[in-house]
Amino acid sequence: MKKFTVVIAGGGSTYTPGIVMMLLDNADRFPLKKLTLYDNDMERQKVLGEALNITLKEQAPEIEYSYTTDPATAFADADFCFAHIRVGKYEMREKDEKIPLKHGVVGQETCGPGGIAYGMRSITGMIELIDFMESYAPNCWMLNYSNPAAIVAEACRVLRPKSKVLNICDMPVGTMRRMSQIIGKTPKDLEVRYFGLNHFGWWTSVKDKNGYEYLPQIRDYVAKNGYLTQIEVDTQHMDQSWQETHKKAKDLLAVDPRFLPNTYLKYYFYPDYVVNHSDISYTRTNEVIDGREKEVFSTARRIIEKGTADGSEFSIGSHATFIVDLARAIAFNTHERMVMIVENNGAITNFDRHAMVEVSCIVGTDGPEPLTQGIIPEFERALMYQQVTVEKLVVQAYIEGSYQKLWQALILSKTVPSAKVAKAVLDDLIEANKGYWPELK
Ligand code: NAD
Ligand code: G6P
Ligand code: MN
């Protein structure tokens, strides 16, 4: 079996150890020749880099392993780049959340003004990463989690249309884990139909391999409990705020009970509720810093101190499972069915063919082949059209350096109540993002 060379970009990400552990677990299905971590912050990456060095020496000494801040070294011979960078790190995510909230608007990593601000930062980092890949490893595929995936995907479509970049999200996979628990199955038993945009979509069918439709049974459960399950189903999305999000899916379902909603619709359907239940002095970023980041980095420091990974466990969540399955699908032409972000190109019949949509796809050696979703109802179509236009305007504003277009993007976001509020939020975001955004005129 061929052995693969993988570079993880955003080596200092809280998700890096989980992915490495998943790769080790899958050594027989996806063998590694070489693994490199790449980050532009050596101080942060070094902690995880050293802990994983110890782990790999003990558990898989045959893999050539290193970590670096040099892109040429990082990408040399790479078959796959697993990317999850956060331009501006948690320091800027906190501002994305708190600035809109100060104006009474949803403050969220990927939705509303916070997501727009993050998008304006991410495009630069992502395009740089793609260009590194194409210079140093022209045959490499980039499987990219870096958020906001919807805006990043649109930027890739416009700025690097021929690049081998697949933008992905773990939320459908995470929610499908919950669905499978609800009906007493495993995620791999399920075949779904799904349409929408990233963090903005709906399941129209959830079947087992025999073709039995479980959507009505799951709907009855979600109508009462949301996606809240009785037992722990994942290591991700388990904090209190996430539990509330899973529960809130009940109220998302009520809006259109024909389909099962993506949890992120909460920011668009119930922005007033979200704002009223937010604490500007302690947002999700603070919870992540005190939770996931602390846990991952203290596990790493413990491994370094003891000089062994024995007894220390990095956990593997849906994030790691999905990206390794996807790499396998491409490497071995498995034709696995996965929810992916792709150019619409007719998959949703009555929607812009150039929009980046999220739909069920069959994935093989040439990447994802979208499954036709047919005609979608007016309500979802109108919501999607409004949101995809926000995403397109952000990318245009970035390219043209247009204040006007970015203001329009904020006005059009369903999370923002008026042009006046949009302007006030935008002006604060511009100030906070100096050095990260292109200059706007
Ligand atoms: P993190 O801050 O722990 O890690 C991000 C790393 O990226 C940091 O080490 C940082 O130094 C590095 N980085 C920033 N800019 C860079 C650049 N230009 N080049 C190279 N490295 C750079 O963040 P995290 O919470 O672990 O999340 C990582 C990313 O994954 C975020 O973008 C997050 O939104 C995304 N994510 C996406 C999904 C999805 O569904 N698409 C799921 C989970 C996480
Ligand atoms: C889900 C989404 C990601 C998002 C993450 C945020 O996995 O699909 O796009 O980045 O949640 O999680 P966090 O724990 O950092 O708030
Ligand atoms: Mn996501």
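Whatever order the structure lists ligands and atoms in, that order sets their numbers, starting from 1. Side-chain atoms are counted along with the backbone in the values below, which use heavy atoms only and exclude waters and symmetry mates.
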For Gln236, is the nearest heavy atom under 4.0 Å from an atom of ligand 1?
no
Select one of side chain, backbone, both or neither to describe which atoms of Phe297 lie under 4.0 Å from any atom of ligand 1, heavy atoms only.
neither
Ion pair present between Glu97 and Arg284, side-chain N to carboxylate O less than 4.0 angstrom?
no
Can a non-hydrogen atom of Arg292 be found less than 4.0 Å from any atom of ligand 1?
yes
Run the salt-bridge test on Asp325 and Lys188 with the 4.0 Å N-O cut-off and return the result as yes or no.
yes
Would you kindly specify which portion of Trp242 sits under 4.0 Å from ligand 2, judged on non-hydrogen atoms: side chain, backbone, both or neither?
side chain
Please confirm whether His319 comes under 4.0 Å of ligand 2, counting heavy atoms of the residue only.
no
So for Met171 against ligand 2, with non-hydrogen atoms under 4.0 Å, the contacting part is both
Quick look: Arg93 vs ligand 2, heavy-atom contacts under 4.0 Å, and the answer is side chain
May I ask whether Asp170 has any heavy atom positioned less than 4.0 angstrom from an atom of ligand 2?
yes
What I want to find out is whether Glu94 reaches Lys98 closely enough, with some N-O distance under 4.0 Å, to be called a salt bridge.
yes
Please classify the Glu287 to ligand 2 contact at 4.0 Å (heavy-atom distances, strictly less than): side chain, backbone, both or neither.
neither
How about Lys34: does its NZ atom have over 12 heavy atoms from other parts shown lying under 6.0 Å from it?
yes
Is the contact between Asp239 and ligand 2 made by the side chain, the backbone, both, or neither, using heavy atoms and a 4.0 Å cut-off?
neither
Of all the N, O or S atoms in His199, which has the shortest distance to the Mn ion (ligand 3)?
NE2
Does Lys207 count as lying over the ring of Tyr214, i.e. NZ or CZ under 6.0 Å from the six-ring centre, within 45 degrees of the axis?
no
Lys57 atom NZ: more than 12 heavy-atom contacts under 6.0 Å:
no
side-chain hydrogen bond (donor to acceptor under 3.5 Å, both in side chains) test vs Ser318 passes for just one of Thr175, Asp170, Asp234, namely Asp234
